[in-house]
Visitor: 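Below: one structure in structure tokens.
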Amino acid sequence: MVIPRLSRSDRQDQILDDVLEVVLELGISVTSRDLAAAAGVSEGTLFKVFETKENLLRSLASKHSGMPDSVGVWLQSIDVAGMSFEDLVIGIIENAMEQYRRSFRIFYALGPYIDSPGKDALEQFERELEPWTDALLQHSHRLRASPESAASILRMHAVAAADTTNMWTQQLTPAEHADIFLHGLMRPHDAAALDSTARDSAAHDSTQGTQE
């Protein structure tokens, strides 16, 4: 049986997948020997495919900066309509934290080879929230903010929680983060009292505005 030879592009992808972990471990100090060993090829083959170590590292950074949004992929794979609000929020945070943890590892390992995001990349980053918003829309009656704002807050929460290099950050599980998002940090009785005070204040401001 004849095994077809990989195209140059497929060979590059295969090597990039194989060297990811050693690059995450060693960062830009990784040697061509380390990379070749991780890929299971000779250094000569490595240079034939990528020409330089820098080209390989830049290609690795580019590949992972263009990965699809994990939450969007997950939402497409499940029955969103049949999922409880609580499980939906936990799933969003869990998938987002996993993705952003990987992104932070890539950033810390390959920082000098990562290009600053351009206008298109920033716009794509915003568009990636659309599936989050659509999924939250069916639970809008349980939200104190719009689904768009809730999606944005969820992502900010996940990004902050995913940076595990901060020693001052207490590590919480996705379920614990979801509980904070869903119920806040106040006890139910105190939260109800605060809501009542806020409503009274808003009503007072409205009355004052009318009188003026």
Visitor: For residues 11-25, dump all side-chain donor-acceptor pairs below 3.5 Å to protein atoms at least two apart in sequence or in another chain.
Guide:
from, atom 1, to, atom 2, distance (Å)
Q12, NE2, V49, O, 3.3
D17, OD1, K63, NZ, 2.5

Visitor: Can you list the residues that meet the salt bridge (Lys or Arg N to Asp or Glu O under 4.0 Å) rule with R127, with sequence neighbours excluded?
Guide: none

Visitor: Excluding sequence neighbours, so at least two apart, what forms salt bridge (Lys or Arg N to Asp or Glu O under 4.0 Å) with R155?
Guide: E126

Visitor: For F107, is the CZ atom crowded, meaning more than 12 foreign heavy atoms sit under 6.0 Å from it?
Guide: no

Visitor: In chain order, what residues pass the side-chain contact (heavy atoms from CB on, under 4.5 Å) check against P174, with sequence neighbours excluded?
Guide: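 With sequence neighbours excluded, P174 shows a side-chain contact (heavy atoms from CB on, under 4.5 Å) to I93, E94, M97, given in chain and number order.
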
Visitor: Could you list the residues that satisfy side-chain contact (heavy atoms from CB on, under 4.5 Å) with S29, not counting sequence neighbours?
Guide: L26

Visitor: Not counting sequence neighbours, which residues clear side chain to side chain donor-acceptor pair (under 3.5 Å) with E43? List them please.
Guide: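 By the side chain to side chain donor-acceptor pair (under 3.5 Å) rule, E43 matches S32.
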
Visitor: So, does E98 use its side chain to make a donor-acceptor pair with the main chain of N95 at under 3.5 Å?
Guide: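 Not a single qualifying donor-acceptor pair exists.
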
Visitor: Could you list the residues that satisfy ring-ring contact (aromatic ring centres under 6.0 Å, His included) with F47, not counting sequence neighbours?
Guide: none

Visitor: Would you please name every residue forming a salt bridge (Lys or Arg N to Asp or Glu O under 4.0 Å) with E148, sequence neighbours left out?
Guide: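 Partners of E148 under the salt bridge (Lys or Arg N to Asp or Glu O under 4.0 Å) test: none.
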
Visitor: Who passes side chain to side chain donor-acceptor pair (under 3.5 Å) against D69, sequence neighbours left out?
Guide: W132

Visitor: Who pairs with A121 by side-chain contact (heavy atoms from CB on, under 4.5 Å), at least two apart in sequence or on another chain?
Guide: P117

Visitor: Just to verify, what does H64 make a side chain to side chain donor-acceptor pair (under 3.5 Å) with, not counting sequence neighbours?
Guide: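 H64 satisfies side chain to side chain donor-acceptor pair (under 3.5 Å) with no residue once adjacent residues are dropped.
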
Visitor: Would Y108 end up clustered with M67 when hydrophobic side chains under 4.5 Å apart are linked, directly or stepwise?
Guide: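 No: no chain of side-chain contacts under 4.5 Å links Y108 to M67.
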
Visitor: Quick one: does any side-chain atom of D87 pair with a main-chain N or O of M83 as donor and acceptor, under 3.5 Å?
Guide: no

Visitor: Looking at side-chain heavy atoms only, is the closest gap between Y100 and D163 below 4.5 Å?
Guide: no

Visitor: Does either side chain, that of S146 or that of S149, offer a donor lying less than 3.5 Å from an acceptor on the other one?
Guide: yes

Visitor: Can you confirm whether the side chains of T45 and S42 place a donor and an acceptor under 3.5 Å from each other?
Guide: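 The criterion, which ignores hydrogens and geometry beyond distance, is satisfied for S42 and T45.
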
Visitor: Mind checking side chain to side chain donor-acceptor pair (under 3.5 Å) for S65 and listing every partner two or more places apart, or none if nothing turns up?
Guide: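 Here no residue qualifies.
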
Visitor: Does T133 reach the main-chain N or O of L129 with its side chain, forming a donor-acceptor pair under 3.5 Å?
Guide: yes

